[in-house]
Structure formats: structure tokens, C-alpha cells
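Below is one structure, written out as C-alpha cells, with a few remarks after it.
Each chain gets a letter, A, B and so on, in the order the sequences are listed, and its residues count up from 1.
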There are 2 protein chains.
Amino acid sequence: MGDVLTRDPEVPKRTSAARERILATADRLFYDEGVQAVGIQRIIAEAGVTRVTLYRHFPSKDDLVAAYLERRSAYDHAQIDGIIESHRDDPRGALSELATALTRDDFGSLRRGCPFINASAEFTGSHVARVMAREIRSWVTEQIAGLLRALDHADPRGTAEQLMMVRTGAVVSGSLDANDHLSEDFVRCWERLIDAGLPAAPR
Amino acid sequence: MGDVLTRDPEVPKRTSAARERILATADRLFYDEGVQAVGIQRIIAEAGVTRVTLYRHFPSKDDLVAAYLERRSAYDHAQIDGIIESHRDDPRGALSELATALTRDDFGSLRRGCPFINASAEFTGSHVARVMAREIRSWVTEQIAGLLRALDHADPRGTAEQLMMVRTGAVVSGSLDANDHLSEDFVRCWERLIDAGLPAAPR
DNA sequence: CAAGGGGTAGACCGATCGATCTACCTACCT
DNA sequence: AGGTAGGTAGATCGATCGGTCTACCCCTTG
């Protein structure tokens with residue numbers, strides 16, 4: 001007998017190619033053009049599915065929006081966890097990598113800024129977009145603060161929030177301003193804010 | 001004889017109470033709920049005007065959006081010009097005031113973040129919202145750089161852009177995160193970034 | 001007085017919105 | 001062999017979207 005309900009041990013939730021196509025298309029359109037600007041019609045047309053299929057997987061547009069942001073959130077979690085994991089004995093290196101990974105990998109694909117900030121601008125109150133934005137921002141801040149604590153930093157919480165500010169500002173600036181020194185300015189600012197509160201010369 | 005065309009010397013362009021009501025209502029709704037989320041119907045209902053009146057003053061919704069952001073832009077210009085003007089012999093004081101004025105006056109009324117960033121998230125390409133956002137951000141950055149130059153700062157341009165990052169991040173954070181130390185963290189970061197590049201101790 | 005600009009009132013346009021419906025097909029698992 | 005989940009196709013729903021239209025009113029100004 002053994003396990004009964006699932007035959008596939010690695011993917012308990014079903015995947016469905018159509019579902020993936022819907023999500024990938026929604027991700028692209030929502031991010032590039034905004035959530036409210038993209039209608040269901042656009043999504044089903046470009047994903048090559050029918051209306052019924054979409055509503056079977058995502059009962060409402062808000063559910064699709066939530067899934068879109070969940071996807072983005074999972075990606076960010078994985079990336080940051082990976083960086084921290086691969087610098088397990090080097091918190092200072094992990095902090096630097098958090099900055100350079102952004103400039104190296106993400107500035108290109110984040111031409112339209114932060115998907116959470118952008119989506120939050122389109123909704124009010126406790127809409128799922130705003131809740132998820134607050135969640136991931138709080139989580140990232142806490143990861144940074146943890147690294148600072150591991151370094152015996154003088155002010156882990158305050159500095160983590162300052163680092164989040166410059167990180168946020170850098171992503172927004174990258175999507176709005178014409179600044180070809182953005183990466184350098186950002187990394188320099190990031191490093192300076194960290195080192196200002198580290199214990200006296202480590203060597 | 002004197003002036004002929006206008007009996008009111010101070011307002012050459014006609015004001016029209018209805019126009020003001022439309023703009024004030026649009027400002028409130030667009031900022032609080034997002035541009036795409038608010039329809040013309042909502043605006044004319046809450047402004048107490050008719051469809052025809054609105055379209056007489058603003059031929060299209062985009063024109064109304066442009067006027068909304070123009071209003072915001074004029075306010076920011078006036079505020080920053082006023083701060084710089086009132087500290088004409090004290091650029092360092094003007095820089096500090098730029099930060100504290102934000103925390104003192106604006107954080108309360110900017111609960112929904114920056115109207116230019118928010119509006120930009122809803123549109124693509126060279127929509128008027130994105131153009132105006134870039135314009136005012138570039139202008140503010142230049143004002144900050146000017147103050148830094150007046151102080152013989154080591155890196156006026158780069159520092160001005162770093163200050164814009166933390167300022168942007170602070171406004172966004174204020175609209176998304178639950179952080180009761182935001183103002184202090186922001187001001188401390190702001191001051192530190194300025195002083196790091198100033199010429200050796202002035203006293 | 002006559003003209004014209006700003007205003008009201010409300011019907012109306014085609015298009016699109018998010019969402020629901022019926023009906024049928026197909027592949028895989030028990 | 002039969003059941004079920006996932007898929008296609010296309011019509012349809014009421015609501016709302018941005019925008020236009022006609023008709024009438026009131027006040028100021030020349």
C-alpha cells in the first residue's frame with residue numbers, strides 16, 4: 001500500500017504545461033506593462049490557452065496576480081539563500097555579493113524596476129500585492145541584519161534598513177533614470193554603509 | 001487705460017472653480033488608488049462636475065494625468081527651491097533641510113509613496129508619466145549636486161546620486177514597510193553619505 | 001442687446017473588462 | 001472499461017471603460 005494519494009514523490013502539486021505557459025505569460029506582461037493595464041484576454045491570447053483553462057487554474061485575476069508575485073518571491077528567496085549559503089563562513093563576502101549580484105544579474109532583467117513595488121502602486125489597503133511586498137522586503141531586511149550581526153556590526157537593524165533603502169533606490173533609479181554609473185555608485189554606497197559600523201580594523 | 005485683457009492682474013490664465021475641483025479630486029484619487037484604477041466616472045462624480053466639463057478642460061485622460069503630475073512637480077520644485085533659497089549662504093544646512101523636510105512634512109502625506117514612481121509603474125515606453133518622472137528626478141539630483149559642489153565635495157555627482165537612492169528608498173519604504181525608525185535611519189544615512197566626502201574638518 | 005465661454009443634464013457610442021456557461025475531446029490511471 | 005482531470009472552442013453575461021453628442025442655462029463682456 002504505502003503512499004496513496006500521489007504517485008509522483010517529487011511534484012505533489014501537478015504542473016501542467018498550460019499552467020506554466022499562463023504563468024510565464026502573465027509574468028512577462030504584468031511586469032512589462034503593469035497589472036491593471038493587462039487584461040485576461042491578452043494573457044490567454046499570448047499564452048495560447050482558452051479562457052476556461054485559465055479560470056480553472058486561477059479562479060480570479062487576483063489569484064493570478066498572487067501567483068505571479070509568488071513566483072517572483074520564490075526566485076528572490078532562492079537567489080538570496082544561495083548567496084548566503086555559498087558564503088557560510090564569510091558574512092562580509094555574502095553582503096558584497098548581495099550587491100554585486102544585483103548589478104551583475106538583475107539590473108538587466110529589472111529594467112522595469114521592482115515587481116512588488118510596481119504592483120503595490122496599483123492597489124490599495126491590504127491587497128495581496130501589498131502584503132507580499134511587505135513580506136519579502138521584511139524578509140530580505142532580516143537576512144541582511146543577520147549577516148551584519150554575524151560580523152558584530154554596531155547597528156545591524158538600522159544598517160540593514162539603510163542598505164534596503166539604497167538597494168530599493170538603486171532598482172527604482174535603474175528603471176527610471178539615465179545613469180550609466182548607477183552600479184558603481186550603488187556598490188560604493190553599499191560597501192561604505194557596511195564598513196562604517198564594523199568593529200575596529202580586523203587585521 | 002492700462003491693462004486691457006484681464007481685470008485680474010495676478011491670474012492671467014483663467015482659474016475656473018470647476019477645473020480646480022477636478023484637479024484636486026484627480027490628485028487625491030490617482031495618488032491614493034492608482035491612475036488606471038480610477039475611471040473618469042469616479043472623478044466627475046466626486047468632483048461634482050459633468051463629463052462635458054471635464055473633457056472641456058482635459059481633452060483626454062492622459063491630459064488629466066499630465067496635469068496631475070504637473071501639479072505635483074510644481075509643488076516639489078517650489079519646496080526645494082524654497083529650501084535652497086532660505087539657506088543661500090549655508091549649502092550644508094540646505095542639504096540637511098532637504099532630508100528633515102521630507103521626514104517632517106512629507107512622510108505623512110506620502111503614505112502611498114512617490115506619485116511619479118507609482119504612475120511610472122503603470123505605463124510603458126515614453127508615456128508622459130515616465131518622462132516627467134525622469135525629468136523631476138534629474139532636476140532634484142542636479143540641485144543636490146549643486147549644493148555639494150558649493151561645499152567642495154569630493155564627488156558631487158556620485159554622491160548626489162547616492163543621496164537620491166536613499167531618498168527614493170526612504171519614500172518607498174515609508175509606503176510599504178512597517179518601520180518606526182525610518183526617519184532616523186534615513187537622516188543618519190543621508191548625513192553620513194554627505195560628510196564622508198567633505199574636505200577635511202572645517203574647524 | 002448680442003455673443004460667447006463655462007456650466008449642467010443625460011443619452012449614447014463601441015470597446016473592453018472580469019467572469020460564467022455549455023459542449024465536446026483526449027490522455028492517462030485504476 | 002471506465003472515470004477523471006485537463007484541455008479546446010466559442011457564445012454570453014453585466015458592468016465599466018474612455019470619449020462624444022445634443023440641448024439648454026447663466027453670466028460676463030463688448
Side-chain angles (χ1 to χ4, degrees), chain A residues 1-26 29-30 33-68 119 122-123 127-129, chain B residues 1-9 11-26 29-30 33-68 119 122-124 127-129:
Chain A
M1 9 224 96
D3 57 337
V4 274
L5 294 177
T6 60
R7 62 205 149 82
D8 192 342
E10 64 205 7
V11 184
K13 289 285 179 184
R14 66 179 54 85
T15 345
S16 160
R19 185 179 214 273
E20 293 305 305
R21 253 181 299 143
I22 295 170
L23 258 184
T25 306
L29 294 179
F30 283 163
E33 309 186 19
V35 175
Q36 307 254 38
V38 174
I40 298 291
Q41 175 61 34
R42 270 289 295 290
I43 297 175
I44 65 176
E46 301 201 17
V49 299
T50 63
R51 252 184 151 71
V52 176
T53 302
L54 184 144
Y55 277 101
R56 177 131 54 212
H57 289 288
F58 309 97
S60 75
K61 191 184 181 183
D62 267 4
D63 289 297
L64 183 54
V65 173
Y68 151 58
E122 302 201 54
F123 299 99
H127 187 279
V128 57
Chain B
M1 20 218 86
D3 55 338
V4 272
L5 295 176
T6 61
R7 58 195 153 84
D8 193 343
V11 183
K13 288 283 179 184
R14 68 178 55 85
T15 344
S16 159
R19 185 178 215 272
E20 293 305 306
R21 253 181 299 145
I22 295 170
L23 257 185
T25 306
L29 294 178
F30 283 162
E33 308 186 19
V35 174
Q36 307 254 39
V38 174
I40 298 290
Q41 174 61 33
R42 271 289 294 290
I43 297 175
I44 65 177
E46 301 201 17
V49 298
T50 62
R51 254 186 148 69
V52 177
T53 301
L54 185 144
Y55 277 101
R56 179 133 50 210
H57 289 289
F58 309 98
S60 76
K61 190 183 181 183
D62 268 3
D63 288 298
L64 182 55
V65 172
Y68 152 58
E122 303 202 55
F123 299 98
T124 61
H127 186 280
V128 56

Whole angstrom value for the distance that separates [atom2] of [N] from [atom1] of [X]:
{"X": "Ile40(A)", "N": "dG18(C)", "atom1": "CD1", "atom2": "P", "answer": "5 Å"}
{"X": "Ile44(A)", "N": "dT20(C)", "atom1": "CD1", "atom2": "C1'", "answer": "13 Å"}
{"X": "Leu54(B)", "N": "dC21(D)", "atom1": "CG", "atom2": "P", "answer": "16 Å"}
{"X": "Lys61(B)", "N": "dT16(D)", "atom1": "NZ", "atom2": "P", "answer": "15 Å"}
{"X": "Leu64(A)", "N": "dC17(C)", "atom1": "CG", "atom2": "P", "answer": "14 Å"}
{"X": "Tyr55(B)", "N": "dT22(D)", "atom1": "OH", "atom2": "P", "answer": "17 Å"}
{"X": "Ile43(A)", "N": "dT16(C)", "atom1": "CD1", "atom2": "P", "answer": "16 Å"}
{"X": "Ile22(B)", "N": "dT8(C)", "atom1": "CD1", "atom2": "P", "answer": "8 Å"}

Can you identify which nucleotide, out of [options], has its nearest atom closest to the [X] side chain?
{"X": "Thr50(B)", "options": "dT8(D), dG7(C), dT8(C)", "value": "dT8(C)"}
{"X": "Gln41(B)", "options": "dT8(C), dA9(D), dC17(D)", "value": "dC17(D)"}
{"X": "Val52(B)", "options": "dT22(D), dG7(C), dA9(D)", "value": "dT22(D)"}
{"X": "Thr53(B)", "options": "dT8(D), dG7(C), dG18(C)", "value": "dG7(C)"}
{"X": "Arg56(B)", "options": "dT22(C), dA19(C), dT8(C)", "value": "dT8(C)"}
{"X": "Ser16(B)", "options": "dG7(C), dT8(C), dA9(D)", "value": "dG7(C)"}

Would a 4.5 Å heavy-atom cut-off, applied to side chains only, mark [X] and [Y] as touching?
{"X": "His57(B)", "Y": "Leu23(B)", "result": "no"}
{"X": "Asp62(A)", "Y": "His127(A)", "result": "yes"}
{"X": "Phe123(B)", "Y": "Val128(B)", "result": "no"}
{"X": "Phe30(A)", "Y": "Ile43(A)", "result": "yes"}

Suppose we call a contact any N or O donor and acceptor under 3.5 Å apart; does that hold for the side chain of Arg51(B) and the base of dG19(D)? yes

Below 4.0 Å: OP1/OP2 of dG6(C) and any side-chain N or O of His57(B): no

Let me know, please, whether Val38(A) or Val49(B) comes out on the 5' side of the other along DNA chain C by nearest nucleotide. Val49(B)

Does the Glu122(A) side chain pair with the main chain of Gly34(A), one donor and one acceptor, at a distance under 3.5 Å? no

